[in-house]
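If you scroll down you'll find the structure; I have some questions about it.
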Amino acid sequence: DLNTTNIILVGDNGTPAQVVQAPFGPTGANGNSKGDLYEGGIHVPMVARGPSVQAPAGSTTDKLVHVVDLYSTILELANVPVPATAVDSNSIVPILSGNDTADRQVITEAFGVGAFGEPGRSLRLGAYPDYKLIIHGDPLDTQDVPEFKFYNIVTDQNEGSPIDVGTLTGDALLAYNAMVALDLELGGGYSDLPSGPEDTLYIQLPTGGGPASVPANMNIGPISITVDGVTASYSSRVDSTETADRYWVKCTVPQAASYTSATVTFTNNPNTGDARVFDSIQIIIAP
């Protein structure tokens, strides 16, 4: 009953790379696949109808909305208090009511590599709706060099021609500076410059079964890794042949002459409730 029921319909993000149509490509500058940070990979339609939708029927808006905003929206529509802290969600009820004045923004982040595109972050600000910044950078790789791509997505809808930031003036320059400042405020390592020399290590952990052993779920990463007392950065759970293996952890660490021991800590020991801590069996330095 549309007199008493609000309906919100939202599309799944992006398009599988196998069925992408020209002028888009499966990856790269004008990617349109699910793992891309380009508009074709993240920008989807949303439709709302019901008693809380007071905007004129059939009207549209280009207000910036993220799917996480539905959390606060639905709570507000149901007259449930929204938590005051630690909620990255902004109600879109004012948009549905046709009187939104909020300064909105959309931040999108991609993790991992390979079939799911490049890791990085994209930023769009309601104050500068014509512009978008994509930062290709891996927060887990302290040696990569971040790449900044700035687009006018009104005149370049396919995001095929990034703007030379050295030529920016006026609103374009203000938009770029605002997005760079927001990225720095958010942190996360996407735009971090390379650090000093590092080694990539493969650490073998003790084998064994039972609930207190190394987690069988390969999606669970360690909460800390130390190598000879030095903190390492976790990369993935693979062995030295880059094969997924429960009892191996790949990481990077500031370069040293040699490595003798490592400690890898996972959370949630089901027997004791504290962390699971494992000492290395061997350490292999990647070529």
Side-chain angles (χ1 to χ4, degrees), residues 1-16 21 24 30-110 121-135 150-159 170-172 174-183 185-186 188:
D1 184 350
L2 290 175
N3 293 312
T4 59
T5 306
N6 290 298
I7 296 175
I8 299 175
L9 175 68
V10 123
D12 191 20
N13 73 292
T15 302
Q21 302 288 318
F24 297 99
N30 60 339
N32 192 34
S33 63
K34 295 180 69 63
D36 280 320
L37 291 168
Y38 299 95
E39 293 295 276
I42 61 176
H43 192 172
V44 299
M46 187 189 85
V47 180
R49 185 178 176 184
S52 297
V53 182
Q54 302 299 316
S59 62
T60 63
T61 177
D62 291 327
K63 289 282 188 176
L64 296 177
V65 174
H66 195 290
V67 69
V68 298
D69 294 333
L70 297 183
Y71 173 74
S72 294
T73 302
I74 293 169
L75 289 182
E76 182 173 346
L77 292 175
N79 295 317
V80 176
V82 179
T85 59
V87 175
D88 292 324
S89 178
N90 297 301
S91 172
I92 65 168
V93 169
I95 298 178
L96 303 181
S97 301
N99 58 5
D100 182 60
T101 59
D103 183 16
R104 298 181 181 271
Q105 60 194 28
V106 166
I107 313 300
T108 309
E109 295 172 350
R121 169 185 282 161
S122 72
L123 304 98
R124 289 192 62 192
L125 305 180
Y128 304 99
D130 293 355
Y131 297 99
K132 176 178 174 182
L133 176 64
I134 298 178
I135 303 171
F150 186 62
Y151 296 95
N152 184 319
I153 57 176
V154 174
T155 60
D156 181 17
Q157 294 184 5
N158 294 345
E159 295 163 283
D171 281 349
L174 293 174
Y176 179 80
N177 287 338
M179 293 176 189
V180 169
L182 178 57
D183 170 70
E185 178 185 339
L186 293 170

Practice prompt. Would you please name every residue forming a side-chain contact (heavy atoms from CB on, under 4.5 Å) with Pro51, sequence neighbours left out?
Written response: Asn6

Discussion item. Please enumerate all residues that pass side-chain hydrogen bond (donor to acceptor under 3.5 Å, both in side chains) together with Glu109, with sequence neighbours excluded.
Written reply: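 So Glu109 forms a side-chain hydrogen bond (donor to acceptor under 3.5 Å, both in side chains) with Arg121, Tyr190.
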
Worksheet item: With sequence neighbours excluded, what pairs up with Ile153 under the side-chain contact (heavy atoms from CB on, under 4.5 Å) test?
Response: Glu39, Arg124, Lys132, Tyr151, Glu159

Discussion item. The criterion is side-chain hydrogen bond (donor to acceptor under 3.5 Å, both in side chains); which residues satisfy it with Asp88, sequence neighbours excluded?
Written reply: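 Asp88: no side-chain hydrogen bond (donor to acceptor under 3.5 Å, both in side chains) contacts found.
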
Discussion item. Test of understanding: with side-chain hydrogen bond (donor to acceptor under 3.5 Å, both in side chains), list the residues that count as partners of Asp100, not counting sequence neighbours.
Written reply: Lys63, Arg104

Fill in: Value rounded to 0.5 Å, distance of OH in Tyr131 from CG in Asp156
12.0 Å

Worksheet entry | With Ile7 via side-chain contact (heavy atoms from CB on, under 4.5 Å) - residues at least two apart |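 Scan of Ile7 (side-chain contact (heavy atoms from CB on, under 4.5 Å), adjacent residues dropped) gives Leu2, Thr5.
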
Item to complete: Taking the side chain as every heavy atom from C-beta outward, state whether Leu77 and Val93 have any pair of such atoms under 4.5 Å apart.
Response: yes

Item to complete: Starting at CG of Leu174, measure out to CE of Met179 and round the result to the nearest 0.5 Å.
Response: 11.0 Å

Item to complete: Answer whether the closest heavy-atom distance between the side chains of Leu123 and Ile135 falls below 4.5 Å.
Response: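 Yes. Closest side-chain heavy atoms under 4.5 Å.
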
Item to complete: Measure across Ile42 and Ser122 and return the closest heavy-atom pair with its distance rounded to 0.1 Å.
Response: CD1-OG, 3.8 Å

Fill in: By side-chain contact (heavy atoms from CB on, under 4.5 Å) - contacts of Asp62 (at least two apart)
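In terms of side-chain contact (heavy atoms from CB on, under 4.5 Å), with neighbours along the sequence ignored, Asp62 is linked to no residue.
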
Discussion item. Would you compute the distance between atom OG1 of Thr61 and atom CD1 of Ile92 and round it to the nearest 0.5 angstrom?
Written reply: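 Thr61 OG1 to Ile92 CD1: 9.5 Å, rounded to 0.5 Å.
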
Practice prompt. Look only at the side chain of Asn90 and the backbone of Asp69, and say whether a donor-acceptor pair between them is shorter than 3.5 Å.
Written response: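 Between the backbone of Asp69 and the side chain of Asn90 there is no qualifying donor-acceptor contact (under 3.5 Å).
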
Worksheet item: Just wondering, more than 12 heavy atoms not from His66 lying within 6.0 Å of its NE2?
Response: yes

Response to the item:
Sequence neighbours excluded, the answer for salt bridge (charged side-chain N to carboxylate O under 4.0 Å, His left out) partners of Asp103 is none

Worksheet entry | Distance (rounded to the nearest 0.5 Å) between Leu75 CG and Leu70 CG | 11.0 Å

Worksheet item: Of all residues at least two apart in sequence or in a different chain, which pass the ring pair (Phe, Tyr, Trp, His ring centres under 6.0 Å) check with Tyr176?
Response: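 Tyr176 satisfies ring pair (Phe, Tyr, Trp, His ring centres under 6.0 Å) with Phe150 only.
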
Worksheet item: Ser59 and Ala55: which non-hydrogen atoms are nearest, and at how many Å?
Response: OG-CB, 3.8 Å

Discussion item. Could you walk me through whether Leu133 and Asp183 satisfy the side-chain contact (heavy atoms from CB on, under 4.5 Å) test, starting with their C-alpha distance in whole Å, then the side-chain angles of each, then the deciding distance to 0.1 Å, before giving a yes or no?
Written reply: CA-CA 10 Å; Leu133 176 64; Asp183 170 70; 5.6 Å; no

Fill in: Listed once per pair and sorted, the side chain to side chain donor-acceptor pair (under 3.5 Å) pairs that draw on residues 72-84, sequence neighbours left out
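Of all non-adjacent pairs touching residues 72-84, those that pass side chain to side chain donor-acceptor pair (under 3.5 Å) are Ser72-Ser89, Glu76-Ser91.
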
Item to complete: Quick one: which residue pairs count as a salt bridge (Lys or Arg N to Asp or Glu O under 4.0 Å) with a foot in residues 42-53, not counting sequence neighbours?
Response: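 Residue pairs with at least one partner in residues 42-53: there are none.
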
